[in-house]
Every structure is written in structure tokens, then in C-alpha cells.
Number of protein chains: 2
Amino acid sequence: MAEDRRPYRRETQEHRREALITAALELMAEGGPQAATVRAIAARAGITAGLIRHYFQSKDDLTRAAYATLMERMTAESLAASCATDDPAAQLAAFVAASLRPPVMDGERVRLWAGFLHHVRRDPKMHAVHEATYLNYRDRLQALIQALPGKGDPAKARVLSIACNAVIDGLWMEGGTLSDSFAAGEMEQIGLSAIAAILNVPLPPPPPAPNSAEVP
Amino acid sequence: MAEDRRPYRRETQEHRREALITAALELMAEGGPQAATVRAIAARAGITAGLIRHYFQSKDDLTRAAYATLMERMTAESLAASCATDDPAAQLAAFVAASLRPPVMDGERVRLWAGFLHHVRRDPKMHAVHEATYLNYRDRLQALIQALPGKGDPAKARVLSIACNAVIDGLWMEGGTLSDSFAAGEMEQIGLSAIAAILNVPLPPPPPAPNSAEVP
DNA sequence: ATCCTTATTATACATTTGTATAATTAGCAG
DNA sequence: CTGCTAATTATACAAATGTATAATAAGGAT
């Protein structure tokens with residue numbers, strides 16, 4: 001009796017792990033942590049549930065990997081924007097603006113991040129990822145600030161970077177969760193003028209947000 | 001056969017609902033949303049699980065009530081601090097400082113708030129509570145700003161209140177999740193000087209944090 | 001005292017969840 | 001072509017979860 005068994009292809013470990021992480025993040029973003037069950041994740045990744053445990057020791061293990069991936073992605077996206085110019089003030093402005101518009105400032109991102117908070121508390125490994133990511137982001141911000149004329153003092157720059165980072169995070173959070181309450185581009189403007197005030201330094205207008213039209 | 005049944009006292013509806021809400025919030029704060037099961041909530045509230053559905057139509061219904069309670073409590077605590085003086089600048093300073101120290105700035109509070117975010121997205125009632133609470137808080141902040149000398153323009157005050165609110169929220173979030181990374185009182189100081197810079201107005205030092213020693 | 005309402009307990013149930021294990025087969029080595 | 005390894009499917013399972021309902025008794029009304 002040939003029972004019809006689901007056909008499949010063997011894939012590399014890297015491919016499968018990546019697909020599982022992507023599926024987990026998507027599901028968490030759409031329906032919250034409770035939506036990311038092993039079965040739902042497996043289905044979206046195109047495999048059956050049992051295979052998850054072949055690539056991750058447990059579901060928590062997969063969760064950790066997904067969190068690390070998310071945080072690395074967010075930092076990378078923000079950093080990329082500041083590389084287009086050599087002027088320190090313009091770099092800072094681009095960095096801030098990139099953090100306050102899509103895809104970084106986005107409701108799903110905020111909810112995704114929020115959904116991980118409790119895991120971060122409980123799991124030391126996730127706490128380490130959290131702290132490292134935050135400090136990495138803030139250090140980069142501090143470096144941009146120290147590069148400004150007259151802002152070379154590291155101790156002062158640290159305090160300023162904490163404040164500026166808070167402005168960015170707060171606006172990111174509010175813009176993501178209440179996007180209807182703000183006009184397009186309003187968060188970038190507010191963030192830039194607030195940071196210019198905190199630093200007591202003029203900031204040039206940031207590069208415009210890229211349209212959805214891309215090079216083919 | 002006298003089966004020994006758990007003894008109980010009848011309580012008022014208000015008492016029971018309050019106990020259930022408190023229990024749900026505590027459990028969510030300690031172990032995340034997943035820890036707040038109907039059985040765990042009932043146990044902490046001192047009743048059996050079945051009774052929850054006697055006071056709330058469903059678990060989601062209880063969750064809604066708990067969220068509303070949390071948000072109202074946080075706003076009230078922040079507002080209370082600003083009533084001790086008549087000077088607008090001092091009121092603002094007290095308001096900001098209260099938001100950036102315990103019990104408002106606290107890791108459990110942040111995680112609690114974060115745990116609700118996904119529910120807020122899905123449930124229109126919770127979204128309404130979220131928006132109302134945020135706007136209420138921000139309106140109060142805007143009122144404090146407009147009371148400052150030379151800051152009477154409502155349109156300008158709105159933008160300033162968004163920025164200041166972002167500073168507060170960002171510092172609240174970071175201070176709550178990474179409390180080890182900051183010295184005691186550091187967040188208040190940073191918040192106050194950042195807001196003073198954004199508003200371009202000097203702010204007096206806020207009232208000191210009340211010690212744990214209380215009037216007997 | 002007795003009855004009655006209903007708050008409360010206790011139990012049952014279907015579903016879902018993470019995990020574990022056996023059965024298959026894809027794809028490469030020989 | 002033939003085996004062999006392990007990637008993959010399929011199935012099973014115990015625990016947990018939200019919900020529903022029957023049994024009980026607390027406490028006021030009469």
C-alpha cells in the first residue's frame with residue numbers, strides 16, 4: 001500500500017535554520033508570541049513540525065536565534081544610512097532619520113521587539129544579546145556625536161548619546177504604535193530638531209526617504 | 001460521605017474583580033503573558049479557576065480590564081507628582097522626574113506594558129484605551145509646557161510635547177530594561193536637561209525622590 | 001428555623017502545545 | 001546499480017489551557 005507521503009527536498013542546515021527564523025519572526029510580528037507555535041512556524045517554513053527539533057535543540061533555542069537575528073538586522077539597517085556622506089552632522093542626521101522611518105520605524109517591528117522583552121529577562125543569553133545590541137547602537141551614536149565640532153569630550157558625549165538615543169527610541173515606539181496620529185515625516189523632523197537642541201548644534205536636513213521605486 | 005470541599009466566603013463583585021485584575025497584572029509582570037493562565041490567576045486571587053468566568057465573560061475580557069487598570073494607574077502616578085507646587089517650571093520638572101524613577105520607571109512596568117502591545121493591536125477596545133491614555137498623558141504634558149513663559153502657542157506646544165514625551169518614554173523604557181547600566185538618578189537628570197534643551201527653558205531641580213522611610 | 005438565590009467549588013472536555021520516537025526516503029558514496 | 005546515512009515525514013503522547021456544566025453551600029429573605 002503506497003501511502004502518499006509528502007514529497008520533500010533535502011536542504012542545507014543554513015537554509016533551513018534561516019527559513020525557520022524568518023517564519024518565526026513573521027508569525028510573532030503578525031499575531032504576537034502566542035501565534036508562533038512550532039506547528040505554525042514549521043508550516044510557514046514549508047516543513048513539518050518535527051523537523052524543528054532537528055535544527056534547534058528546543059523552541060526556546062529557536063526563539064533566541066530569532067531575537068539575535070532581529071536585533072542585528074535593525075542595527076545594520078540604521079547604520080547603513082549614515083555611510084552616504086563624510087560630513088559628521090549629515091551622518092548623524094541620516095542616522096537619526098533612518099531610525100525614524102520605515103522599515104526601522106514600523107508597528108510590526110515595535111511589537112516584535114516588545115514580544116521578546118520577557119524572554120530577555122528570563123534567559124541570560126537573550127539578555128546578553130539585548131545589552132550588546134543596545135550598547136552597540138548607542139556607541140555608534142556616541143561616535144557620531146563626538147565627531148561633531150566641539151563635542152569631543154567622551155564623558156559628555158556619553159550622556160548626550162543616552163539622551164539622543166532616548167529621543168529616538170521614544171519616537172520609534174510611538175511612531176510605530178500610533179502611526180495614524182502623526183503626519184508623514186513628522187517623527188523625523190521632531191527627532192532631528194529635538195536632537196539638535198539637545199546637542200546645541202545645527203543639523204542639516206536628512207536625505208529624503210527612498211521611494212518604493214527601485215533600480216530594476 | 002462528607003467530601004471535604006474547599007471552604008469559602010462570598011465576596012462582592014467589585015472585590016473579586018479587583019483581586020483578579022491584580023493577580024493577572026502581577027503574574028504578567030513576573031513571568032510574561034504566558035504565565036497569566038486562568039488557573040494561575042485564580043490561584044493567586046484565592047479562588048478556583050471556574051469563578052473567573054463568573055466575573056469576566058472570557059479571559060480576553062479580563063485582559064482588557066487589567067490593561068485599562070494598569071494604564072490609568074501609571075498616568076495617575078505621574079500626574080500626582082506635579083501637584084506639589086504652583087510654579088509651571090517646577091511642575092514640569094516634578095512631572096518628568098516622577099516618570100523617570102520608581103515606581104513608574106521600573107522593569108516590571110515596562111515588560112508589563114510591552115506584553116499588552118499585541119493585544120492592543122488586535123482588540124479595538126484595547127486600542128482605544130491605549131490611544132486615550134497616551135493622548136491624556138501627552139495633553140497634560142502639553143498643558144505644562146504651555147504654562148511656561150513664552151510657550152503659549154498651542155501648535156508649537158504640541159510638537160514640543162511630542163518630543164518631550166518621546167524623551168520620557170525612551171528613557172523610561174531604557175531605564176526599566178537596563179537599570180544596571182545607569183547610576184541612580186541619572187535618568188532624571190538626563191531627561192530634565194534634554195527637555196530643558198528642547199524647550200530652551202531652564203528647569204529647576206525636581207523634588208528629591210521620597211525615601212522608603214514613610215510617615216508612620 | 002427554612003427556603004432561595006447565586007456565588008463558589010469541582011469536574012469534565014475538547015483543543016492546542018512542545019516534545020519524543022518510529023517509519024520513510026532523498027541523495028550521495030561505493 | 002546498490003547501500004548507507006541522515007534529513008524528513010508521520011504519528012504518538014503527556015501536559016496545559018480555555019471553556020462549559022453540574023454539584024454544593026453561603027448568607028440573606030421570609
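In what follows, every heavy atom counts, from backbone to side chain, and hydrogens, waters and symmetry copies are set aside. Lettering of chains follows the sequences in order, A, B, ..., and the numbering in each one begins at 1.
Taking only distance into account, the side chain of B:R5 meets the base of C:dT9 through a donor-acceptor pair shorter than 3.5 Å.
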With salt bridge (charged side-chain N to carboxylate O under 4.0 Å, His left out) as the criterion, how do A:E174 and B:R138 come out once you've worked through the C-alpha distance, each side chain's angles and the decisive distance to 0.1 Å? CA-CA 11 Å; A:E174 286 155 19; B:R138 207 186 72 192; over 6 Å; no

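Of the residues near DNA chain D, B:A36 and B:P7, the one whose nearest nucleotide (by heavy atom distance) lies more toward the 5' end is B:A36. Nearest-nucleotide positions on DNA chain C place B:G46 closer to the 5' end than the other of B:R39 and B:G46.
A:E30 CD: more than 12 foreign heavy atoms inside a 6.0 Å radius.
B:T48 and B:Y8 are not linked by any side-chain donor-acceptor pair at a separation below 3.5 angstrom, with hydrogens and angles left out of the test.
Residue contacts for B:T48: at a heavy-atom cut-off of 4.0 Å it reaches a base atom on one of the strands shown. Nucleic acid contact for B:Y55: sugar-phosphate only, since backbone atoms but no base atoms lie under 4.0 Å from a heavy atom of the residue. Among the atoms of the strands shown, only primed sugar atoms or phosphate atoms (P, OP1, OP2) are found under 4.0 Å from some heavy atom of A:I47.
For the salt bridge (charged side-chain N to carboxylate O under 4.0 Å, His left out) condition, the pairs that include at least one residue of residues 8-17 of chain A, sequence neighbours left out, are A:R9-A:E11. Note on residues 114-136 of chain A: pairs passing ring pair (Phe, Tyr, Trp, His ring centres under 6.0 Å), not counting sequence neighbours, are A:Y67-A:F116.
Each of B:T177, B:D180, B:L178 was compared with A:E131 under the side-chain contact (heavy atoms from CB on, under 4.5 Å) criterion, and only B:L178 meets it.
Near DNA chain D, meaning a heavy atom under 4.0 Å from it, residues 8-15 of chain B has B:Y8, B:R9, B:R10 in order of number.
Computed from coordinates, the B:K59 NZ to D:dT17 P distance equals 8 Å when rounded to whole Å. Between the CZ atom of A:R17 and the P atom of D:dA7 there is a distance of 13 Å, rounded to whole Å. Taking atom CD of residue A:Q34 and atom C1' of nucleotide D:dG18, one finds them 12 Å apart after rounding to whole Å. Atom CG of B:L51 and atom C1' of C:dA7 are 7 Å apart (whole Å). In this structure, the CD1 atom of B:I52 is 12 Å from the C1' atom of D:dT17, given to the nearest Å. Following rounding to the nearest Å, A:H54 (NE2) and C:dT21 (P) show an atom-to-atom distance of 14 Å. Atom pair B:F56:CZ and D:dT19:P shows a separation of 13 Å (rounding to whole Å applied). Atoms CG (B:D61) and P (D:dG18) sit 14 Å apart, rounded to a whole Å.
Under the 3.5 Å distance criterion, the side-chain polar atoms of A:N165 are left unmatched by any main-chain donor or acceptor of A:S161.
Between B:R16 and C:dT8 there is a side-chain polar atom (N or O) within less than 4.0 angstrom of OP1 or OP2.
Checking D:dG18, C:dT17, D:dT9 against the side-chain heavy atoms of B:T37 singles out D:dG18 as nearest.
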